[in-house]
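Residue numbers start at 1 and run along the sequence shown.
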Amino acid sequence: QVQLVESGGGLAQPGGSLRLSCTASGFDFDYYAIGWFRRAPGKERERVSCINNVASAIHEDSVKGRFTISRDDSKNTAYLQMNSLKPEDTAVYYCAASRHGGAVCGAIADYEYEYWGQGTQVTVSS
């Protein structure tokens, strides 16, 4: 059974940090590209960061310099380290896996992510 389970969300103050984890099972994790997405209230889902199977990563401009995606294939886990959080980072964060693991992950369309987690809430507020 394929599963992606996010954890690490919660409440943070502006300027604070959180680290999200995405733990996978049921598929060959180290072959897949992993993406982190978010959906803020009243907004479309957007990709935040992605990493391919050789650990080449891309971060969207809105989080560049603040968020870092990484992966530990020995643990079947991907991470999103979020620093200098802003209220506009408030959203439900999802991880997803794409079989196009060798691609430049920024070129992977959302519909090419086959597996999705259930999401974890991140709220940035004082």
Side-chain angles (χ1 to χ4, degrees):
Q1 181 183 359
V2 170
Q3 275 194 311
L4 287 172
V5 180
E6 301 97 336
S7 61
L11 176 65
Q13 292 191 338
S17 298
L18 287 173
R19 187 176 82 156
L20 305 183
S21 298
C22 170
T23 300
S25 60
F27 64 98
D28 196 5
F29 178 84
D30 58 3
Y31 179 77
Y32 278 64
I34 301 297
W36 281 100
F37 297 77
R38 68 185 179 187
R39 187 192 301 273
K43 294 188 177 180
E44 296 288 316
R45 184 182 66 199
E46 63 173 346
R47 187 184 62 211
V48 172
S49 303
C50 62
I51 188 167
N52 69 6
N53 62 11
V54 292
S56 179
I58 290 175
H59 300 85
E60 299 303 323
D61 288 346
S62 58
V63 305
K64 199 171 292 184
R66 300 188 299 121
F67 291 11
T68 303
I69 189 172
S70 62
R71 62 190 297 159
D72 184 342
D73 291 343
S74 70
K75 296 181 179 179
N76 283 4
T77 300
Y79 304 97
L80 187 68
Q81 178 66 45
M82 306 187 295
N83 299 328
S84 302
L85 284 162
K86 304 176 180 180
E88 51 264 43
D89 295 319
T90 295
V92 178
Y93 284 71
Y94 303 86
C95 65
S98 169
R99 73 180 69 179
H100 301 290
V104 173
C105 67
I108 301 172
D110 288 13
Y111 70 85
E112 294 179 298
Y113 284 87
E114 294 100 290
Y115 307 129
W116 291 81
Q118 82 289 348
T120 186
Q121 176 70 46
V122 170
T123 302
V124 184
S125 174
S126 55

| Can Gln81 and Ser17 be said to form a side-chain contact (heavy atoms from CB on, under 4.5 Å), step by step? | CA-CA 8 Å; Gln81 178 66 45; Ser17 298; 4.0 Å; yes
| remark: Rounded to the nearest 0.5 angstrom, the NZ-CG distance for Lys75 and Asp73 is 12.0 Å
| said: Are Tyr31 and Leu4 linked, directly or through intermediate hydrophobic residues, by side-chain heavy-atom contacts shorter than 4.5 Å (ILVMFWY only)? | reply: yes
| message | To check you understand the geometry: which heavy-atom pair defines the closest contact between Leu18 and Gly10, and what is its length? | response | CD1-O, 3.9 Å
| query | Do Ile108 and Asn52 come within less than 4.5 Å of each other through their side chains, counting heavy atoms only? | reply | no
| Distance-minimising heavy-atom pair for Ile34 and Ala78 | CG2-CB, 3.7 Å
| Closest heavy-atom pair and its distance - Ala91, Arg38 | CB-CB, 3.8 Å
| Between Val63 and Ser49, what is the shortest heavy-atom contact and its length? | CG2-OG, 4.1 Å
| message | Taking the side chain as everything from C-beta on, heavy atoms only, tell me whether Thr120 gets closer than 4.5 Å to Ser7. | response | no
| Does any N or O in the side chain of Asp72 come within less than 3.5 Å of the main-chain N or O of Thr77, such that one atom is a donor and the other an acceptor? | no
| Is there a side-chain contact between Cys105 and Ser56, using heavy atoms and a 4.5 Å cut-off? | no
| query | Should Ile69 and Val48 be marked as a side-chain contact (heavy atoms from CB on, under 4.5 Å) after you check the CA-CA gap, both sets of side-chain angles, and the distance that decides it? | reply | CA-CA 9 Å; Ile69 189 172; Val48 172; over 6 Å; no
| query | Which value, rounded to the nearest 0.5 Å, describes the distance between Asp30 atom CG and Asn53 atom CG? | reply | 8.0 Å
| task | Using a cut-off of 6.0 Å, state whether more than 12 heavy atoms not belonging to Arg66 lie near its atom CZ. | result | yes
| Quick one: NE2 on His100 to OH on Tyr113, what's the gap to the nearest 0.5 Å? | 10.0 Å
| Do Asp89 and Lys86 sit within salt-bridge range, that is, some charged N less than 4.0 Å from a carboxylate O? | no
| query | What about Leu80 and Val122, same hydrophobic cluster or not, with Ile/Leu/Val/Met/Phe/Trp/Tyr joined at side-chain heavy-atom distances under 4.5 Å? | reply | yes
| said: Using side-chain contact (heavy atoms from CB on, under 4.5 Å), reason through Ser21 and Glu6 one step at a time and then give a plain yes or no. | reply: CA-CA 5 Å; Ser21 298; Glu6 301 97 336; over 6 Å; no
| field | Single-linkage hydrophobic cluster, 4.5 Å side-chain cutoff, Phe67 and Val92 together | value | no
| Any side-chain donor near an acceptor of the partner, Thr123 and Thr90, under 3.5 Å | no
| query | Looking only at heavy atoms, which two atoms of Cys50 and Gly106 are closest? And how far apart? | reply | SG-N, 3.6 Å
| Whether Phe37 and Trp116 hold their rings parallel, tilted or perpendicular, with breakpoints at 30° and 60° | tilted
| said: Applying a strict under-4.5 Å side-chain criterion to I, L, V, M, F, W and Y, I'd like to know whether Val124 and Leu20 cluster together. | reply: yes
| request: Identify whether NZ of Lys or CZ of Arg in Arg71 sits under 6.0 Å from the centre of the six-membered ring of Phe29 and within 45° of that ring's axis. | output: yes
| said: Quick check: closest heavy atoms across His59 and Lys64, and the distance to 0.1 Å? | reply: O-CE, 3.1 Å
| Tyr94-Phe27 co-clustered via ILVMFWY side chain contacts under 4.5 Å | no
